[in-house]
Amino acid sequence: MRLSHLFTKTSKTVPGDETARNAQLLIQSGFIHKEMAGVYAYLPLGKRVLDNIAQIVREEMNAIGGLEVQMTALQPQELFEKTDRWDDKKVDNWFKTRLKNDSELGLGFTHEEPIVDALKDFVNSYKDLPIFIYQIQSKFRNELRAKSGLLRGREFLMKDMYSLARTQAEHDELYEKAAAAYVRVYERLGLGDSTYRTYADGGVFTEKFSDEYQTISPIGEDTIYVDETKRIAINKEIYTDENLAKLGLKKEELVEKTGVEVGNIFPLETKYTDALDVYYADENGQQQQIIMGCYGIGISRLVGMIAEHFADDKGLVWPANIAPAQVYLARLGDNEAVIKQADELYDRLTGEGVEVLYDDRDVRPGEKFADADLMGIPWRVVVSDKTQASNSLELKARIETEARQVSVEELLSLVKRS
RNA sequence: CGGGGUGUGGCGCAGUUGGCUAGCGCGCCGCGUUUGGGACGCGGAGGUCGAAGGUUCAAGUCCUUUCACCCCGACCA
């Protein structure tokens, strides 16, 4: 992408009505646009980041047999009456609206019911199970208070997966498979070292615990106790002697931290399948209950989380695999030979499948460098009179302070490896 | 929803006890000089001061209502 064609601009100032660092940086760099409190639009660079994160999640869900669907944002009242979740007393953060004929609709805040209802058409036999089904879709929640930029919005993008199993043993197996996939997701996102599987309250459905994935961060809203050797944590909300004993954790080995919940998985048991009358026939033709699990990852929250997690005083710092581009190509000056070389390099890199932000604007070097830093592009390549004279390219990593001289081939191998 | 705060060109802000034509910086447009860490000069464009109502000779400024946004709390991926 040529920056001369990019309609977004960076700003020297941060918006006065945002105090969350992630939103400040993402708005300042032109990645997102604030529509209203807790509702953000993704502009070209932000959209790329969002898609890159979603794609990593998608690949890992597919790898364990997840099948992607897209459910609807509009939801019928009737379905949620069956599971006793329609009443505002039960779920108080729904956006609800009406059809012209006055019947009520909900705007999707979760999708257990619609998923189960859709599967009802197809699941009859033990041969139809198990199933992993997921979607990446906007969720709408009428939170009393939106805050922390992308970390708590009223409209946000979420991956939600559901498992349907025949037996408890089968459920447990699926559950751990998903848990392992989550670990891979956070590793690929660069959050592996700072993210802990964390025991939390299982909710109203079960005596069991649920599992949250908490990334250690000063902006975290949750207090957790971490066993760093076991790489396991427990949420403060269930931090009791009884639970510690149950989980085999020792108080003296736990360290208190604050974390951002970047995902959670929890058992649903048979609550939804029973409520919606979905059963399967076993080998003997006997009707059996279906055990469900639920697996969420806030994709848009991760954009904010990662933005804030890696940022430094110059701006964003994206991990290479989710950055909106691999290379920021800064062309300095208006020397024709320089322009020609930069154009050719842009074509070459793009041809090799490397995403490049080509700064072909007629602005001074300092502005280009500042923008490259602010946008957090992993590699900055300079083409200028100097590099022409030395017959090389200048390469600097976003996280390094020193630049180095490289050839095109060296550049390609470095950039492609990352 | 309780408490606190803020709304003034695209962004960040100033605007005194009500008083003339509402300013400043950034950004934007034009011309020129510049060109390795957000350049400089000259000339421009752009604002019903969140909205509605009221007080007054006169309202960005005072009063009432209302909307939006931010922070703390409660609630939540």
Side-chain angles (χ1 to χ4, degrees), chain A residues 7-20 23-24 27-30 33-39 57 88-89 91-94 108-111 136-161 182 198 200-201 203 210-215 220-222 235 237 259-266 294-305 314-315 330-335 338 359 361-375 380-390 394 396 401 403:
Chain A
F7 63 81
T8 58
K9 287 176 189 152
T10 59
S11 167
K12 285 185 190 172
T13 54
V14 299
D17 67 351
E18 288 281 6
T19 55
Q24 285 183 341
I27 292 172
Q28 191 188 356
S29 57
H33 167 75
K34 183 184 204 157
E35 198 66 38
M36 60 180 106
V39 180
V57 173
D88 287 341
K89 291 189 196 75
V91 179
D92 63 5
N93 62 355
W94 264 34
F109 81 105
T110 189
H111 285 82
I136 295 172
Q137 208 215 23
S138 290
K139 294 277 187 281
F140 303 90
R141 296 190 188 177
N142 200 350
E143 303 290 350
L144 286 173
R145 181 183 160 208
K147 60 173 179 172
S148 308
L150 290 184
L151 302 190
R152 180 162 310 286
R154 297 199 168 95
E155 174 177 340
F156 55 95
L157 191 66
M158 182 170 165
K159 185 281 301 181
D160 49 318
M161 181 164 74
Y182 270 47
T198 304
D201 185 28
S210 70
D211 295 273
E212 295 173 344
Y213 288 81
Q214 295 274 359
T215 302
E221 296 179 329
D222 291 321
N235 196 306
E237 65 190 15
V260 173
E261 189 181 343
V262 291
N264 75 357
I265 66 179
F266 50 98
C294 176
Y295 314 83
I297 293 182
I299 306 290
S300 52
R301 170 179 282 185
L302 278 167
V303 175
M305 173 67 220
K314 290 193 163 107
R331 181 183 84 196
L332 306 190
D334 54 4
N335 180 327
V338 168
D359 197 343
R361 298 174 301 172
D362 181 23
V363 298
R364 295 165 62 87
E367 195 170 338
K368 298 193 176 192
F369 297 153
D371 279 346
D373 288 340
L374 179 59
M375 291 178 184
R380 187 190 77 194
V381 175
V382 173
V383 175
S384 67
D385 288 333
K386 271 193 201 174
T387 62
Q388 287 258 308
S390 66
E394 178 187 300
K396 188 183 96 58
T401 50

- Message: Please report the interatomic distance CG(Asp201(A)) to CG(Asn264(A)), rounded to the nearest 0.5 Å.
- Response: 11.5 Å

- Which value, rounded to the nearest 0.5 Å, describes the distance between Asp362(A) atom CG and Arg331(A) atom CZ? 8.0 Å

- Message: How many whole angstroms separate atom CZ of Arg331(A) from atom P of G36(B)?
- Response: 15 Å

Tabulated below should be each protein N or O lying under 3.5 Å from an N or O of nucleotides 27-34 of chain B; please produce it.
residue: U34(B); atom: O2; partner: Arg364(A); partner atom: NH1; Å: 2.8

- Query: Nearest to the side chain of Asn264(A) - G38(B), A77(B), C75(B)?
  - Reply: A77(B)

- What interatomic distance, in whole Å, is found between C1' of U64(B) and the corresponding atom of U55(B)? 11 Å

- Message: Give me the distance, rounded to whole Å, that separates U6(B) from A51(B) when you measure between the C1' atoms they each carry.
- Response: 16 Å

- Query: CD1 of Ile299(A) to NZ of Lys159(A): how many Å apart, nearest 0.5 Å?
  - Reply: 7.5 Å

- Task: Could you give the distance separating G37(B) and C75(B) at their C1' atoms, to the nearest angstrom?
- Result: 46 Å

- Which whole-number value in Å describes the distance from Tyr295(A) OH to A77(B) P? 17 Å

- Lys314(A): side chain to side chain contact (heavy atoms under 4.5 Å, CB included) partners, not counting sequence neighbours: Asp312(A), Asp373(A), Arg398(A)

- Rounded to the Å, how far apart are Arg361(A) CZ and G37(B) P? 16 Å

- Query: Where the side chain of Lys396(A) is concerned, which of C72(B), G36(B), G37(B) is the nearest nucleotide?
  - Reply: G37(B)

- What's the spacing between Tyr295(A) OH and Asp160(A) CG if we round to 0.5 Å? 12.5 Å

- Message: Closest approach to the side chain of Glu394(A), judged atom by atom: which nucleotide of A77(B), G36(B), C69(B) is it?
- Response: G36(B)

- I would like to know whether Glu394(A) and Lys386(A) meet side-chain contact (heavy atoms from CB on, under 4.5 Å); could you show each step before the answer? CA-CA 9 Å; Glu394(A) 178 187 300; Lys386(A) 271 193 201 174; 5.7 Å; no

- Query: Gln214(A) has an atom CD; how far is it from atom P of A77(B), in whole Å?
  - Reply: 11 Å

- Message: By the 4.0 Å heavy-atom rule, please label Leu151(A) as base, sugar-phosphate, or nothing.
- Response: base

- Message: Taking any heavy-atom pair under 4.0 Å as a contact, classify Asp385(A): base, sugar-phosphate, or nothing.
- Response: nothing

- P gap between C24(B) and A68(B), integer Å: 34 Å

- Message: For a quick check of understanding: with a heavy-atom distance under 4.0 Å over all strands, which category does Lys139(A) fall into, base, sugar-phosphate or nothing?
- Response: nothing

- Item | Pairwise P distance, G32(B) and A14(B) [rounded to whole Å] | 38 Å

- Message: Can you confirm whether Glu261(A) sits close enough to Arg301(A) that some side-chain heavy atom of one is under 4.5 Å from a side-chain heavy atom of the other?
- Response: yes

- Message: Using whole Å, what does the distance between atom C1' of nucleotide A74(B) and atom CD of Glu143(A) come to?
- Response: 12 Å

- Task: Applying side chain to side chain contact (heavy atoms under 4.5 Å, CB included), name anything that partners Ser148(A), two or more places apart in sequence or on another chain.
- Result: Leu151(A), Glu221(A)

- Phosphate OP1/OP2 of G37(B) contacted by Arg380(A) side-chain N/O (<4.0 Å): no

- Quick one, give me the B/S/- string for nucleotides 10-15 of chain B, reading 5' to 3', where B means a protein heavy atom under 4.0 Å from the base and S means that only happens at the primed atoms, P, OP1 or OP2. -SS---

- Item | Distance between P atoms of G46(B) and C40(B) (Å, rounded) | 25 Å

- Contacts of Phe156(A) that satisfy ring-ring contact (aromatic ring centres under 6.0 Å, His included) - sequence neighbours left out: none

- Message: With nearest nucleotide decided by heavy atoms, which residue, Leu150(A) or Gly38(A), maps closer to the 5′ end of RNA chain B?
- Response: Gly38(A)

- Message: Need one value for Thr10(A): base, sugar-phosphate or nothing, where a base atom within 4.0 Å counts as base even if backbone is also close, heavy atoms only.
- Response: base

- Can you figure out which of C71(B), C69(B), G36(B) approaches the side chain of Thr19(A) most closely? C71(B)

- What distance, rounded to whole Å, do you find between the two C1' atoms, one in U61(B) and one in G43(B)? 33 Å

- Residue mapping more 5' on RNA chain B - nearest nucleotide basis, Val363(A) or Glu35(A): Val363(A)

- Query: Would Phe369(A) pass as stacked on G36(B), i.e. its ring centre under 5.5 Å from the base's six-membered ring centre and planes under 30° apart?
  - Reply: no

- Item | P gap between G2(B) and U48(B), integer Å | 34 Å

- Message: A side-chain contact here means heavy atoms from C-beta on lying under 4.5 Å apart; do Glu35(A) and Glu155(A) qualify?
- Response: no

- CE of Met158(A) versus P of A77(B): gap in Å, rounded? 8 Å

- Task: Check the side chains of Asn335(A) and Gln388(A) for a donor-acceptor pair under 3.5 angstrom, ignoring hydrogens and angles.
- Result: no

- Query: Which is true for Gly263(A) with a 4.0 Å heavy-atom rule: it touches a base, it touches only sugar-phosphate, or it touches nothing?
  - Reply: nothing

- Query: Which nucleotide sits closest to the side chain of Ala370(A): G38(B), A77(B), G73(B)?
  - Reply: G38(B)

- Which stems, defined as runs of 3 or more consecutive Watson-Crick or G-U wobble pairs with both pairing distances under 3.5 Å, involve RNA chain B? B:1-7 with B:67-73, B:10-13 with B:23-26, B:28-33 with B:39-44, B:50-54 with B:62-66

- Message: Do Phe369(A) and Val382(A) make a side-chain contact, defined as non-hydrogen atoms from C-beta onward lying under 4.5 Å apart?
- Response: yes

- Nearest 0.5 Å, what's the OG1-CD distance between Thr10(A) and Glu367(A)? 6.5 Å

- With heavy atoms under 4.0 Å as the rule, sort Asp373(A) into base, sugar-phosphate or nothing. base

- Message: Please check this pair: side chain of Arg154(A) against backbone of Glu143(A), looking for a donor-acceptor N/O pair closer than 3.5 Å.
- Response: yes

- Message: What is the separation between atom CD on Gln28(A) and atom P on G38(B), rounded to the nearest whole Å?
- Response: 16 Å

- Query: Could you state the CZ-P distance from Arg154(A) to C75(B), rounded to the nearest angstrom?
  - Reply: 17 Å

